[in-house]
Structures are given as structure tokens and as C-alpha cells.
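Below you'll find the structure, written out as C-alpha cells, and then a few comments.
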Amino acid sequence: MTRVFIIANKSEQARKLKTDLAQRGFDCLIVPYNDGAIEQIAGQSPGLMLLDADEAIFDSEAWELAQRIRQEMNTPLIALVSREKLSGLDSNVDDFVVKPWEANEVTARIKRILKQKECIDGENIIKCGDLVIDLAKYEVSLNGKLIMLTFREYQLLKFLVSNKGKVFTREALLNKVWGWDYYGGDRTVDVHIRRLRSKIEDPTHTFIETVRNIGYRLRENF
């Protein structure tokens, strides 16, 4: 049974979502929205987290918490957000649901992300020069040093590596990595590519190439 944590204050809305998800087969817990949320979750093997972005006093607090979740736990993260805050949606979020939500939509998005995570599996190790991807452990290393990637960054890198040398438009990457129903612009791709490059590339390593006026590809030769 997948354990889902809802980071939110124990409002009636959060309690109802917890009940709805439990009825759909999830082990669901509510964690109060505060600076100690991650510490409360750590060690409890979360399968996915829902972050109520509207619970933050300031928008930046929600996205700072999302960034900490990425850095410290690397667990799939869905934001619960009002339509008014969509323009400030953070790239550390894998997906989002606009309030007021329907339990069936939240469930569908949870299942889709979990399915994507299951598909990123295997016993092989992929090597691209000094870059190594361990599919079984969901780990990426460069020159033997572990690189901390978000779930979506890992998906993006694995997709590019699996299609080495092939050029993809931003729209194609959105479709293949984020899903056809992702509600967001192609700027999302640029942001994730930039963040991915900052983590896996340095003056002696270049893996991702920009193809002008088209999109991106992973180099064929290293």
C-alpha cells in the first residue's frame, strides 16, 4: 500500500482528502504545515507527497519547502494550489491539482506519477562517459560522485539517455516526460534542462546539447 503524506493544516478540506484517498486504497497521513514537516516524514517511507501550497503564509515558503523535499528526500511531489497561484508554480513540483479539487483527479494524478516511477526500473547500468545511471537504484553519479536529482530531472535525463543523439522539441519532451495532460508551458522544459545541466555538467563534461530553434538532445559520443 502506497503511503501518501498530505502536508497541510488539519482543515476540514485536508481531512476529507485523507478520507477520500484512504477509501481508494492509500495509506494517507496529514503532516502539519511547518518547518518540521520533513523531519516528521523522514524514515516513514513516503511513496508520494501532496503539498498544500496555499497553507503557506508567503508563496516563497511553499516553494522553499518543495525544494527541501527534493534535496533531502527526492520523493514525488504534487502541489495543491489555487488558480491564482499557478503563475508562481515551482519547478520542484512534479504535478499539481487546482483547487477546489476532485478526489478522483487527485487519485488519477497520484497513480500516474507512481506508474511513471515504476517504469523507471531495470537491472542495467547506463554509462555515458563518466556519467553513470543506475536504473535499479534510481541513482546518477559523475566520476563516482552521487548526483542528487529530483524525480522529474531523473525522468528527463533517463529519457534523453535512452534516446541518445535524437533531437526532441520542448513540446515532445513535455509529452513524453511530463505527460500529455500536463498543464504548463514549454518553459518548464527549459528550466529543468538548465537545472539538470548545472548538476551533471562542468567545464570538462557536456552531455546535453541545445539544437537551435528545435530543442534538445543528448550527445552520442563521449
Side-chain angles (χ1 to χ4, degrees), residues 2-7 21 26-28 31 37-38 41-53 62-81 89-97 106-122 124-126 131-142 146-163 168 170 172-184 186-201 207-208 216 218:
T2 301
R3 177 164 289 183
V4 175
F5 285 85
I6 304 173
I7 301 177
L21 292 178
F26 295 102
D27 179 12
C28 194
V31 175
I38 295 179
I41 297 171
Q44 300 191 58
S45 302
L48 183 140
M49 282 187 263
L50 301 172
L51 173 65
D52 192 333
W63 309 136
E64 286 172 4
L65 182 55
Q67 184 177 30
R68 284 191 61 205
I69 290 172
R70 281 295 181 235
Q71 293 174 342
E72 299 179 30
M73 304 189 71
N74 194 26
T75 301
L77 178 65
I78 297 176
L80 306 173
V81 61
L89 199 65
D90 189 84
S91 61
N92 286 297
V93 173
D94 294 303
D95 204 348
F96 64 91
V97 179
V106 177
T107 301
R109 292 183 181 274
I110 290 173
K111 288 183 176 179
R112 186 184 70 175
I113 287 182
L114 293 178
K115 183 65 176 179
Q116 289 175 335
K117 187 173 182 180
E118 288 175 4
C119 291
I120 302 176
D121 203 356
N124 297 327
I125 290 178
I126 302 176
L131 185 70
V132 178
I133 303 175
D134 188 326
L135 300 179
K137 296 181 179 178
Y138 310 109
E139 291 181 350
V140 176
S141 60
L142 181 64
L146 193 63
I147 305 296
M148 297 302 296
L149 299 181
T150 68
F151 175 63
R152 195 65 73 184
E153 289 166 354
Y154 180 87
Q155 283 185 303
L156 178 58
L157 177 61
K158 181 177 181 293
F159 179 78
L160 290 173
V161 168
S162 300
N163 296 274
F168 291 93
R170 293 167 176 81
L173 289 173
L174 275 175
N175 181 41
K176 297 293 186 179
V177 179
W178 279 260
W180 64 270
D181 60 345
Y182 179 77
Y183 183 77
D186 56 16
R187 179 178 175 276
T188 298
V189 176
D190 293 332
V191 170
H192 279 75
I193 288 288
R194 183 170 66 249
R195 291 167 65 95
L196 186 55
R197 279 173 164 164
S198 71
K199 294 180 179 181
I200 66 172
E201 296 186 348
F207 299 101
I208 301 173
Y216 301 98
L218 196 88

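Throughout, numbering of the chain's residues begins at 1 and tracks the sequence.
- For the atom pair OH (Y216) and CG (L173), the distance works out to 9.0 Å, reported to the nearest 0.5 Å.
- For the pair F5 and I69, the minimum side-chain heavy-atom distance is 4.5 Å or more.
- Nearest heavy atoms, R197 versus I208: NH2-O, 3.1 Å.
- The CD1 atom of I193 lies 10.0 Å from the CD atom of E153; values are rounded to the nearest 0.5 Å.
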Could you walk me through whether K158 and Y138 satisfy the side-chain contact (heavy atoms from CB on, under 4.5 Å) test, starting with their C-alpha distance in whole Å, then the side-chain angles of each, then the deciding distance to 0.1 Å, before giving a yes or no? CA-CA 10 Å; K158 181 177 181 293; Y138 310 109; over 6 Å; no
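- A heavy-atom distance below 4.5 Å is not found between the side chains of I147 and Y154.
- Contact annotation: the side chain of R112 approaches that of D95 to within less than 4.5 Å [non-hydrogen atoms, C-beta and beyond].
- Residues K199 and T150 are in side-chain contact: their nearest non-hydrogen atoms beyond the backbone lie under 4.5 Å apart.
- In this structure, the separation between CD1 on I78 and CZ on F96 is 11.0 Å, given to the nearest 0.5 Å.
- The minimum heavy-atom distance linking E201 with F207 is given by the pair OE2-N, 2.7 Å.
- You'll find the side chain of I110 stays beyond 4.5 Å of the side chain of T2, heavy atoms only.
- Between L65 and I38 the shortest side-chain heavy-atom distance falls below 4.5 Å.
- With contacts defined as side-chain heavy-atom distances shorter than 4.5 Å, the pair V81/V93 does not qualify.
- Exactly one of D134, I133, L135 qualifies for a side-chain contact (heavy atoms from CB on, under 4.5 Å) with I125. That residue is D134.
- Put simply, the side chain of E139 never gets that close to the backbone of L146: no donor and acceptor are under 3.5 Å apart.
- Listed here is the closest heavy atom pair of L160 and L218: O-CB, 3.7 Å.
- Side-chain atoms of R170 never come within 3.5 Å of backbone atoms of T188 as a donor-acceptor pair (strictly under, hydrogens ignored).
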V189 vs L174, test: side-chain contact (heavy atoms from CB on, under 4.5 Å). Steps then yes/no. CA-CA 7 Å; V189 176; L174 275 175; 3.7 Å; yes
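- In this structure, R3 contributes its side chain and D27 its backbone to no donor-acceptor pair below 3.5 Å.
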For a side-chain contact (heavy atoms from CB on, under 4.5 Å) check, start with the C-alpha distance between T107 and K111, then their side-chain angles and the critical distance, and finish with the verdict. CA-CA 6 Å; T107 301; K111 288 183 176 179; 3.7 Å; yes
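- Contact record, P76 with G47: CD-O, 3.7 Å, taken as the closest heavy-atom pair.
- A distance-only check finds a donor-acceptor pair linking the side chain of D94 to the backbone of L77 [under 3.5 Å].
- Of all non-hydrogen atoms in V177 and R152, the two that sit nearest each other are O-NH1, 3.0 Å.
- Of the listed residues (V97, L48, L50), just one forms a side-chain contact (heavy atoms from CB on, under 4.5 Å) with R109, and that residue is V97.
- Between V106 and the choices L21, I6, V4, the side-chain contact (heavy atoms from CB on, under 4.5 Å) rule is met once, by L21.
- Across every non-hydrogen atom of A66 and L51, the tightest pair is CB-CD2, 4.1 Å.
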Under the side-chain contact (heavy atoms from CB on, under 4.5 Å) rule, what do I41 and I7 come out as? Steps first, then yes or no, please. CA-CA 10 Å; I41 297 171; I7 301 177; 4.0 Å; yes
